[in-house]
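Letters A, B, ... are given to chains in the order of the sequence lines, protein chains preceding strands, and every chain is numbered from 1.
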Number of protein chains: 2
Amino acid sequence: MSSSTTSSNRQDYLKAILSLELRGLKASTSAISEKLSTQPASVTGMLRVLSGNDLIEYIPYQGAKLTLEGRDEAIFLLRKHRLWETFMVEKLGFGWDEVHDVAEQLEHVDSQKLISKLDAFLGFPRFDPHGDPIPDSQGVLADRSTLVGVNEIALGKTASIRGVLSSSDSFLKHLDDLGIKLGLQFTVVKVFEYDGSYQVKVGMSEEVWSKKLVEQLLAEVKSQVDNDNI
Amino acid sequence: MSSSTTSSNRQDYLKAILSLELRGLKASTSAISEKLSTQPASVTGMLRVLSGNDLIEYIPYQGAKLTLEGRDEAIFLLRKHRLWETFMVEKLGFGWDEVHDVAEQLEHVDSQKLISKLDAFLGFPRFDPHGDPIPDSQGVLADRSTLVGVNEIALGKTASIRGVLSSSDSFLKHLDDLGIKLGLQFTVVKVFEYDGSYQVKVGMSEEVWSKKLVEQLLAEVKSQVDNDNI
DNA sequence: TCTAATATTTAGCCATGCCTAATCTTTATG
DNA sequence: CATAAAGATTAGGCATGGCTAAATATTAGA
Ligand SMILES: [Mn+2]
Ligand SMILES: [Mn+2]
Ligand SMILES: [Mn+2]
Ligand SMILES: [Mn+2]
């Protein structure tokens, strides 16, 4: 799969196109140029090249669509990017807000073996530090639908933090201050009608999370069913 | 230090030149072209560029010499290369013969912080999986012969911690507990015959290091001669 | 010392990607 | 439907870093 010899520049184009497609948007020249901070004219040139390499289908004035091959490569990049981010946060102690730019470089390192070993070393994580799903070795993206906003969790349910909707510095810093991190398990004890804040139990102690906060937090609710040790 | 914006191509030239200089050879056009598998004509072109960037001194027909700045950057590359190799072997379970090519890519990832965290994560290793010395954060290449076990240091001598012989989690954790880290300077005050432990002076205070501990610590003894403040 | 072999540089090209300005296409709008 | 405005492509350059072939410098041998 993938590997190939696509330059890191071209890889970034593939990623930009994938990112648009995943959001249901058209990969137009201008949308891509926006994402990559390049001029539209440069994008046109690159789209011709990628098309010649069978990585995208491109009809002038109509935007680009990833081919199967192009999509595979783009998804592998996503996988690498998110695994490296996870490595930096989980193993090296980086903050979630510090890892993106470095991962933007690391994702271009070309070695299947490195990535599969890294994946194993990290314990085959399913989500990166920002809560985005990490494609598995087959390129399968974990289903996001199992994640819900904390503000939608019913009373009495237990859940684990899996991601965030905002990645702003101030927000991530606030999470640090409150000791909220990925994987944190909590139970919803009470919901205050007055201001929409949540009272949650974390370990032995109880805390209150503001409405604004819980709206930005993604969690995976513990289902009664998939608890294996019945 | 270093950082800059030197492209990865140029960085590989700097490394090639350093490698020749370290072996006492002249960095001639042909020697460099040999190392990098490029044509001599291409090397000439690059030497002019590097010279224009003050990374080397270059006199046509006379080969290249690294400037202080160029040497710093080349040594930082060596550091990154060897730390990544160590990571792959120690943490990911690669064989020592599989890591060079991947490290050749990883070394170009630009992030001081990534490297200092990786260094700490690995326990400040002094040598890579091939036995080559890893430059420390100051760019000092450990001269193998100058490193001795702390257990071999004579009474009254002053030395600096330069490495460890074991990288086990429990050992590294113990070092953390005692506040022993790379570069720590100490003086041997007393050696207890009874259990082989060492009494050392660190800054203002004195501590006792166990026999087991000092056997696993590598240090560089301060020579009387190169001590400037006579 | 003079010449031949070797090393190095120069000249001229090519590919990759990016940019600006100019020229289409496509889409909105009256 | 006609015509702007917005979006996209082409044309013409530039910088980087390769390559080959030709010219020039250095070095070694007779
Ligand atoms: Mn990237
Ligand atoms: Mn991410
Ligand atoms: Mn390299
Ligand atoms: Mn090595």
Side-chain angles (χ1 to χ4, degrees), chain A residues 4-17 19-21 23-66 70 73-74 77 104-105 107-108 110, chain B residues 3-17 20-21 23-66 70 73-74 77 104-105 107-108 110:
Chain A
S4 70
T5 50
T6 313
S7 77
S8 84
N9 263 320
R10 294 174 190 187
Q11 290 181 341
D12 281 337
Y13 275 89
L14 294 180
K15 266 203 337 173
I17 296 168
S19 144
L20 290 163
E21 289 188 353
R23 265 181 280 167
L25 302 174
K26 207 176 80 173
S28 65
T29 300
S30 54
I32 298 168
S33 84
E34 176 86 16
K35 259 200 170 311
L36 297 177
S37 306
T38 56
Q39 293 309 116
S42 310
V43 174
T44 299
M46 185 58 86
L47 292 186
R48 278 134 124 337
V49 170
L50 294 175
S51 174
N53 289 356
D54 293 318
L55 294 166
I56 63 170
E57 273 172 66
Y58 168 58
I59 304 169
Y61 296 99
Q62 313 251 107
K65 278 198 219 316
L66 290 169
E73 183 148 1
L77 283 161
E104 201 59 49
Q105 299 177 62
E107 70 190 359
H108 301 293
D110 181 24
Chain B
S3 86
S4 71
T5 51
T6 314
S7 77
S8 84
N9 264 320
R10 293 176 191 185
Q11 291 180 342
D12 281 337
Y13 274 90
L14 293 180
K15 267 203 339 173
I17 297 167
L20 289 163
E21 289 188 353
R23 266 180 281 168
L25 302 174
K26 207 178 80 172
S28 66
T29 300
S30 53
I32 297 168
S33 84
E34 176 85 18
K35 260 201 168 308
L36 298 178
S37 305
T38 56
Q39 294 307 118
S42 309
V43 173
T44 299
M46 186 58 86
L47 292 186
R48 279 133 124 337
V49 170
L50 294 174
S51 174
N53 289 355
D54 293 317
L55 294 166
I56 63 170
E57 272 172 66
Y58 167 58
I59 305 168
Y61 296 101
Q62 313 253 105
K65 278 198 218 316
L66 291 169
E73 184 148 0
L77 283 161
E104 200 58 49
Q105 298 178 62
E107 71 191 358
H108 301 292
D110 180 25

By side chain to side chain contact (heavy atoms under 4.5 Å, CB included) - contacts of B:Ser8 (at least two apart): B:Gln11, B:His108

Test side chain to side chain contact (heavy atoms under 4.5 Å, CB included) applied to B:Gln62 - qualifying residues, sequence neighbours left out: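 If we apply the side chain to side chain contact (heavy atoms under 4.5 Å, CB included) test to B:Gln62, skipping adjacent residues, the hits are B:Ile59.
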
Residues in side chain to side chain donor-acceptor pair (under 3.5 Å) contact with A:Ser30, at least two apart in sequence or another chain: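 Side chain to side chain donor-acceptor pair (under 3.5 Å) check on A:Ser30 returns A:Ser28.
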
Does the side chain of B:Arg48 get closer than 4.0 angstrom to OP1 or OP2 of C:dT9 through an N or O atom?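 B:Arg48 to C:dT9 OP1/OP2: no side-chain N or O under 4.0 Å.
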
Qualifying salt bridge (charged side-chain N to carboxylate O under 4.0 Å, His left out) pairs, either residue in residues 7-16 of chain B, two or more places apart: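 Every salt bridge (charged side-chain N to carboxylate O under 4.0 Å, His left out) pair that includes a residue of residues 7-16 of chain B, provided the two are not neighbours, is B:Lys15-B:Glu104, B:Lys15-B:Glu107.
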
Spacing between [X] atom [atom1] and [N] atom [atom2], to the nearest angstrom:
X       : N      : atom1 : atom2 : result
A:Leu47 : C:dC18 : CG    : P     : 11 Å
B:Glu34 : C:dA7  : CD    : P     : 11 Å
B:Ile59 : C:dT9  : CD1   : P     : 11 Å

Okay, side chain of A:Glu21, backbone of A:Ala27: is any donor-acceptor separation there less than 3.5 Å?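 Pair absent, no side-chain N/O of A:Glu21 close to backbone of A:Ala27.
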
Keeping A:Gln105 on the side-chain end and B:Asp110 on the backbone end, is there a donor-acceptor pair under 3.5 Å?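 Flag set: sc A:Gln105 to bb B:Asp110 pair under 3.5 Å.
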
Strand-adjacent residues in residues 24-33 of chain B, judged by heavy atoms under 4.0 Å from DNA chain C: B:Ser28, B:Thr29, B:Ser30

Table please: side-chain donor-acceptor pairs of residues 35-50 of chain A below 3.5 Å, with sequence neighbours left out.
| unit_1 | atom_1 | unit_2 | atom_2 | d |
| --- | --- | --- | --- | --- |
| A:Lys35 | NZ | A:Ser19 | OG | 3.4 |
| A:Thr44 | OG1 | A:Pro40 | O | 3.4 |

Just jot down the salt bridge (charged side-chain N to carboxylate O under 4.0 Å, His left out) partners of A:Glu57, sequence neighbours excluded, or say none. none

Nucleotide by nucleotide, 5' to 3', does protein get under 4.0 Å of the base (B), only the sugar-phosphate (S), or neither (-) in nucleotides 17-25 of chain D, counting heavy atoms? SSBBB--BS

